[in-house]
Amino acid sequence: MTSRSARAKRVTSDAQVPPKGPVTKTRAPVTAVAPPDEAPARKPRAGRPPAAPLVAPTPEHLASVRGPLLDWYDRNRRDLPWRRTKDPYAIWLSEVMLQQTQVSTVIPYWERFLKRFPTARALASAPLDDVLAGWKGLGYYSRARNLHRAAQEVVARFGGALPSTAAALLELPGFGRYTAGAVASIAFGEEAPLVDGNVARVFARVFEVEGLPGDRQREATLWALAAALVKGKRPGDLNQALMEHGATTCRPENPLCLLCPVRTACVAFRKGRVDELPPAKVRATPKKLTLAVAVWPHAGTLLFARRADAGLFGGLWELPGAEIADDAPDTEARARIAAALGVEVKLEGALGAVKRQLTHRDLTLRLLRVSGARRPTSTPAFQELRWCTPADAASLGMSTAMQRALDAALTTGVLAGG
DNA sequence: GAGGCGTGGTA
DNA sequence: TTACCAAGCCT
């Protein structure tokens with residue numbers, strides 16, 4: 001069996017990207033995918049470059065997927081906490097947390113967060129700082145900022161009640177096509193389609209949708225399929241069934257085809273192409289990012305800084321950091337920190353480094369113990385500066401990377417004995 | 001539209 | 001250890 005990792009590609013930043021085929025602005029040929037018992041009819045137009053076919057399934061083929069999938073879902077659905085509520089706000093929260101994040105990771109966050117911010121109104125009236133603290137460690141922190149903004153908009157424009165259509169939801173910050181479809185269908189019963197990574201994979205196999213992730217034609221095909229399939233009863237369950245099926249059975253690697261409820265309707269299964277659909281995403285090599293991080297003890301506290309809202313770890317607290325070259329000497333690192341803080345600092349010693357692997361960054365935090373005659377209380381490089389004890393810092397919104405750096409710094413005993 | 005944006009699980 | 005990957009959105 002071909003493993004996905006063997007097929008997966010990785011490009012370095014200076015690698016040549018394979019040239020894309022000639023682009024045609026004319027509509028690609030429409031290919032009807034025949035039900036598995038019949039031979040597929042493919043009629044690419046002569047004289048044109050091959051384009052991803054727009055899959056147009058027959059009503060029979062759709063029905064042969066829809067029914068068995070819903071039956072399977074009724075028997076196999078996982079008992080997830082957000083499936084026990086009909087509260088649109090709670091469902092919305094689950095969908096945002098689940099973006100690019102696995103179910104098992106989300107569950108404790110969802111329960112904690114909902115307890116702390118039980119309604120859209122409660123969330124809207126909370127300081128962003130508290131919201132980010134509730135998101136601490138979950139990653140992709142712009143989700144929390146957008147959620148907070150959207151809650152405020154919901155209160156201001158809709159009296160605290162989430163709008164009930166995908167079209168209206170799409171106007172809110174943090175709602176893309178997927179999340180709008182998910183909340184509209186699951187919380188409000190609208191026949192709104194959704195396509196996530198799971199659904200894309202399921203469709204690629206069942207309907208033999210070609211093309212790489214991100215390809216426009218492919219995306220259009222997937223959304224058209226989702227829209228066709230969701231028409232009917234229980235649209236929310238149908239959408240969840242698709243995702244659940246993709247997450248548990250039609251997995252990226254080692255899919256459980258023998259347990260698959262739609263095996264007989266699956267074109268890839270019939271053709272033996274399950275392992276080659278969908279093609280693996282081409283990922284860029286993470287870029288190196290090195291930050292000099294200031295460990296500045298004073299009277300049982302350390303200096304913390306709140307990052308700008310945009311960009312990496314936006315709005316989060318940190319030991320004040322400044323970007324440096326990977327091979328920068330400590331003297332240069334000290335200078336960068338001094339510039340960021342707007343005061344002179346003295347280098348007291350290096351406290352080692354913490355490395356973190358992000359999806360897109362190879363992050364190194366170099367800890368430098370510093371001191372200074374003038375202790376800063378504000379500086380343009382950061383939204384806010386604050387001198388905190390470790391206990392104070394525990395309740396700040398902070399990335400896991402910086403939490404590790406802080407733990408490492410405290411382990412060295414910088415605060416011991418004042 | 002391609003790249004930025006986190007983290008933890010898994011093989 | 002390393003690399004891939006997961007219920008995407010924003011610019």
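Below, chains carry the letters A, B, ... as their sequence lines are ordered, and counting in each starts from 1. The basis for the numbers below is simple: all heavy atoms, side chains too, and nothing from hydrogens, waters or symmetry mates.
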Check your understanding: Taking the nucleotide of DNA chain B with the closest heavy atom to each, which residue, A:R404 or A:R361, is nearer the 5' end?
Key -> A:R361

Practice item. Could you please name the option among B:dC5, B:dG8, C:dA6 that lies closest to any side-chain atom of A:Y140? Key: B:dC5

Practice item. Round to a whole Å and report the spacing from CH2 of A:W110 to C1' of B:dT7. Key: 21 Å

Revision key, fill the gap. Checking B:dG1, C:dG8, B:dC5 against the side chain of A:H360 (C-beta onward), the nearest is B:dC5

Check your understanding: Is atom CZ of A:R216 surrounded by more than 12 heavy atoms (other residues, nucleotides or ligands) closer than 6.0 Å?
Key -> no

Review point. Side chain of A:S399: nearest nucleotide among C:dC10, C:dC5, B:dT7?
Key: B:dT7

**Study point:** Whole angstrom value for the distance that separates P of B:dG8 from CG of A:L358
**Key:** 11 Å

Review point. So what does A:G214 touch, heavy atoms closer than 4.0 Å: a base, only the sugar-phosphate, or nothing?
Key: nothing

Point to revise | Integer angstrom distance from the P of B:dG8 to that of C:dC9 | key: 22 Å

Check your understanding: What is the nucleic acid contact for A:G137, judged by heavy atoms within less than 4.0 Å: base, sugar-phosphate only, or nothing?
Key -> sugar-phosphate

Check your understanding: Does A:T400 have a side-chain nitrogen or oxygen under 4.0 Å from the phosphate oxygens OP1 or OP2 of B:dT7?
Key -> yes

Check your understanding: Over how many whole Å does the gap from A:E323 atom CD to B:dG4 atom P extend?
Key -> 12 Å

Check your understanding: Looking at A:R283, does any N or O in its side chain come under 4.0 Å of the phosphate oxygens OP1/OP2 on C:dC4?
Key -> no

Practice item. Side chain of A:Y178 only, please: which of B:dG8, B:dC5, C:dC9 is the nearest? Key: C:dC9

Point to revise | Distance-only donor-acceptor test (3.5 Å): side chain A:T359, base B:dG6 | key: yes

Exercise for review: Assign A:N146 to base, sugar-phosphate, or nothing according to its heavy-atom contacts below 4.0 angstrom with the strands shown.
Suggested key: sugar-phosphate

Point to revise | Centroid-centroid distance, A:Y109 to A:F113, less than 6.0 Å | key: no

Exercise for review: Mind calculating the distance between CZ (A:F175) and P (C:dT11) to the nearest angstrom?
Suggested key: 16 Å

Check your understanding: Atom CG of A:L169 to atom C1' of C:dG8: distance rounded to whole Å?
Key -> 15 Å

Point to revise | Donor/acceptor link under 3.5 angstrom from A:S104 side chain onto base of B:dG9 | key: no

Practice item. Verify whether the ring centers belonging to A:W92 and A:F175 lie closer than 6.0 Å. Key: yes

**Study point:** A:R78 CZ: over 12 foreign heavy atoms closer than 6.0 Å
**Key:** yes

**Study point:** Side-chain N or O of A:R145 closer than 4.0 Å to phosphate OP1/OP2 of C:dC9
**Key:** no

Review point. Can you list the steps and then say if A:K355 with A:L365 is a side-chain contact (heavy atoms from CB on, under 4.5 Å)?
Key: CA-CA 6 Å; A:K355 287 183 175 296; A:L365 303 177; over 6 Å; no

**Study point:** Side-chain N,O (A:K287) to OP1/OP2 (B:dG4) below 4.0 Å
**Key:** yes

